[in-house]
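Take a look at the structure below.
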Amino acid sequence: MKAVIIGGVAGGATAAARLRRLNEEAEIVVLERSGFVSYANCGLPYYVGGVIEDEEELTLQTPQSFFERFHIDVRVHSEALSIDRAAKTVRVRELLSGREYEESYDKLLLAPGAAAMKPALPGVDGARVLTLRTVEDTLRLRDLVVEQNVRRAVVVGGGFIGLEAAENLLHRGVATTLLQRSKQVLPPLDGDMAALLHGYLRRHGLDLRFGQNVQGYEETQTGVRVLLKEGEPVEGDLVLLAIGVVPENKLAKDAGLALGVKGAIVTDEHMRTADPDIYAVGDAVQVKNFVTGADANIALAGPANKQGRIAADNICGIPSVYTGAQGSSVIKLFDMTAASTGLNEKAAKAAGIPYGRALTYSASHASYYPGARNMTVKTLFDPATGKILGAQIVGFEGVDKRIDVLATAIRAGMTAEDLTELDLAYAPPYSSAKDPVNMAGYVIENLRAGLVRQVWWDELEAQQDALLLDVRTPEEFARGRLEGAVNIPLDELRGRLQELEPARGKEIVVNCHSGLRSYLACRILSQHGFSCKNLAGGFQFVSCVAEDACYGENALPPCGLRVEKG
C-alpha cells in the first residue's frame, strides 16, 4: 500500500507516524508546502516573546528524523497542485526548483490545515502587515521585533493567537494596541466571563479597544497606519492580523469533494471523504459538535491529532470512529488563565437548547494554605436533567485541571449530581475537600431542587421593584455597593428580620461578595416567609461586568447595572 499525505504539522504528521506503526511495509509520502513538517504551531507566539528562546524547540520532527525513526519520505517545500481521483495521482511542484511531477497513491490523506484570514482591504499585503500561522511567519515577526527595534505594534483580532501575540509583544517591551471588532475578546467565552479579562489585560499594559472596524492599511515612513471606519487611525511599526482562519479547501474543491460549514471538507465518522480512497483531517475538515450534534469546523490541535490517528486506523482496516469535538481550550494571559469546554450561552441559544447557568467562586486550593487564589466557574446545564452542557473558568492556578474534569464530564454525559459525587484528589496545596468541580455540582443541584432562586446581572433591570439587600460587612459595603442597596450583615440578619417586614410580599434580591453568604441569607429569608433571589456571582462579579460595560466603547450592552463606589 502506498499512502500520500498532504500536509504535516498536527493531523498529517500524527497520521503518518500511526500508519507506520500499523504497517511496516507501507510506502508513506508526506508533502509539506512549508519548510517544516512537524512543528509546535501553538508555541509560535512564545518564540516571538522570548519565552521559547531556541528556534529548534519549535520543530518536533524534521524530514531526516522522520525518515530515521519511521522510514517515511517527507518532502518539504513541496506543494500539491491538484488531485486526479480517476488516475489516483497528485500533481506536485517543488517550490525551490519549480519542477512538477505526478505522485501516485493507493490512499490519500488531506491535512492542509487552515490559512490565516486576510480580508481584501487596501494595504493588507504590505510588508509590515503580518500573520502568525507558520514557522516562517514567526521567524519573520521575531526578526522585525528584535532586529529592527520595533517599539509599537497593532494586533487586529482578540482570539487566541491575537491575545497570545499581544502578551508576548508586551513581554518584549513593545507598546501594543489590540483592535477588536466585537465587544469582547475570546469568542468561546460569554461576554460576562470575558469581562473578567478585559480590565486585567489593560492593567498589564494592553491598549484594548472594542468596536473597531478596520478599513485598510497605509505604509508610512516608520511603519503602518491602520485606518478605521470611525475614529482616528492607529499607527504602529507593524500590524499583526489575527482575525481567524479559513479551511484550506482548494485541492478538495477542485477535486470535486463535498464542502460544508465554512467551506470545510466533509467527512464521515471515519474521517473518509465521499471518495473511499481519500481521507481528510485537521483544521480543514467538518466535524460534529459533540454536545449539539451539529456540523462544525473546530480548528484546534487536539482534535486534529485524534483525527489523524483515526484516519490512519481506518486506512489500515481498523474501524475507528471520531465522535465529535467540544472545543475544549485554555489560554494563559500573563498570570491569568481562561478556559472553556462545550457550549457557551451564544452557542446554546443558536442550537435552540434550553439551559440553566450557575456561577461559583472557588479557591484554587485550601484557603488556609498559602497562595490560594479564586477562580470564577460558569457552568451551563440542562434544567430538566442536570446534564452538563458547557463550562468556562477564569482564574489563576488550577483552572486547567478543573476545565479538564468538566470536559470529561461532558464527554461522559454526566449530570450535576454526578459532579457532586466525583472523588477527586485532595491535599491542601492542590485543592479543597470540596473541589471547585464538586461545588459547581452542589450549586446546580440547589438551583434545580428549588432551595434557592437566582438572578443574573443581565436580569437586574427586570427587578426594579425588588429590595436590594447586601449582607456583606459594613466595611465591604462602604467600599462599593449596588445603588439603592440596604446593608444588613449576614451574621445580624436573624436579629434584624423586622427591618425587612415592609418588603414582605415583594422580591428581595440578596448579594454578598461572591454569592455564598447571600445564599445562606436566602435560606434564612425563605424559611421566614420572604421571597428572595440570590444575585449570581455577587458584588464582585457584577461590579466587574458593570465596570467593563461602562468602559470606553461600552463593551457590554446596557443592563441596568448601577454600582456605587465608596
Side-chain angles (χ1 to χ4, degrees), residues 9-10 13 34-36 38-62 116 128 130-178 185-186 188-189 196-198 200-208 236-242 245 299-302 304-305 328-340 364 371 373 375 393-401 403-404:
V9 195
S34 76
F36 301 84
S38 179
Y39 57 88
N41 187 286
C42 298
L44 300 182
Y46 300 100
Y47 180 68
V48 174
V51 177
I52 298 173
E53 297 181 352
D54 188 349
E55 176 187 330
E56 293 185 359
E57 293 294 326
L58 298 174
T59 306
L60 305 178
Q61 292 281 357
T62 65
R128 286 179 175 261
L130 312 177
T131 58
L132 186 57
R133 187 67 184 169
T134 66
V135 174
E136 287 90 345
D137 291 339
T138 308
L139 299 179
R140 182 182 174 201
L141 177 58
R142 177 158 164 159
D143 178 66
L144 273 174
V145 171
V146 177
E147 302 300 328
Q148 300 191 32
N149 200 31
V150 165
R151 286 289 172 258
R152 301 172 302 163
V154 181
V155 176
V156 181
F160 291 98
I161 295 297
L163 287 174
E164 289 172 344
E167 176 194 0
N168 280 280
L169 287 167
L170 287 166
H171 278 315
R172 281 284 184 189
V174 178
T176 304
T177 299
L178 191 147
V185 299
L186 287 184
L189 298 184
L196 305 177
L197 299 173
H198 297 161
Y200 180 82
L201 291 169
R202 289 181 173 118
R203 288 193 295 275
H204 279 77
L206 181 62
D207 180 6
L208 180 59
D237 300 325
L238 63 83
V239 171
L240 178 68
L241 278 181
V245 296
L300 292 170
N305 276 281
S328 300
S329 59
V330 64
I331 184 172
K332 169 193 169 294
L333 297 171
F334 302 98
D335 292 330
M336 185 172 268
T337 300
S340 65
S364 55
R373 303 179 77 176
M375 63 181 76
I393 308 178
V394 175
F396 298 90
E397 295 83 6
V399 169
D400 55 338
K401 169 182 174 179
I403 205 69
D404 282 344

Exercise for the section: Calculate, to the nearest 0.5 Å, the distance between atoms CZ and CG belonging to R140 and L130 respectively. Expected result: 4.5 Å
Problem - F396 side chain near T337 side chain, heavy-atom distance below 4.5 Å - result: no
Handout entry: V239 side chain reached by R128 side chain, heavy atoms, under 4.5 Å
Key = no
Practice task
Could you tell me which non-hydrogen atom of I52 sits nearest to which non-hydrogen atom of R142, and how far apart they are?
Solution key: O-NH1, 3.6 Å
Practice task
Taking the side chain as every heavy atom from C-beta outward, state whether S34 and E136 have any atom pair closer than 4.5 Å.
Solution key: yes
Handout entry: Any donor-acceptor pair under 3.5 Å from K401 side chain to I403 backbone
Key = no
Problem - Approximate separation, where rounding is to 0.5 Å, of T176 OG1 and L238 CG - result: 8.5 Å
Exercise for the section: For residues H171 and V48, determine if any side-chain heavy atom of one lies less than 4.5 Å from a side-chain heavy atom of the other. Expected result: no
Handout entry: Distance in Å, L44 CG paired with T134 OG1, rounded so as to fall on 0.5 Å steps
Key = 7.5 Å
Handout entry: Y200 side chain near V394 side chain, heavy-atom distance below 4.5 Å
Key = no
Exercise for the section: Could you pull out the closest heavy-atom pair between L206 and A166, with the gap in Å? Expected result: CD1-CB, 4.0 Å
Completion exercise
All heavy atoms of V185 vs all of H198, minimum pair found to be N-NE2, 3.3 Å
Practice task
Look only at the side chain of S364 and the backbone of R373, and say whether a donor-acceptor pair between them is shorter than 3.5 Å.
Solution key: yes
Practice task
Flag the pair H204 / E167 as yes when at least one side-chain heavy-atom distance between them is below 4.5 Å, and no otherwise.
Solution key: no
Problem - Distance (rounded to the nearest 0.5 Å) between L132 CG and Y47 OH - result: 12.5 Å
Problem - Closest contact, heavy atoms only, A153 versus L169 - result: CB-CD1, 3.8 Å
Handout entry: Minimum-distance pair of heavy atoms, taken over all atoms of L189 and S340
Key = CD2-CB, 4.1 Å
Fill in the blank from the handout: Minimal heavy-atom distance between V399 and A339, with the atoms involved, is CG1-CB, 3.8 Å
Problem - Check: P188 and F160 side chains under 4.5 Å, non-hydrogen atoms - result: yes
Exercise for the section: Enter the distance from M375:CE to L196:CG here, rounded to the nearest 0.5 Å. Expected result: 13.0 Å
Fill in the blank from the handout: Separation between CG (L163) and CG (L333), nearest 0.5 Å, reads 5.5 Å
Exercise for the section: Would you check if the side chain of D143 reaches a backbone N or O of L139 as a donor-acceptor pair within less than 3.5 Å? Expected result: no
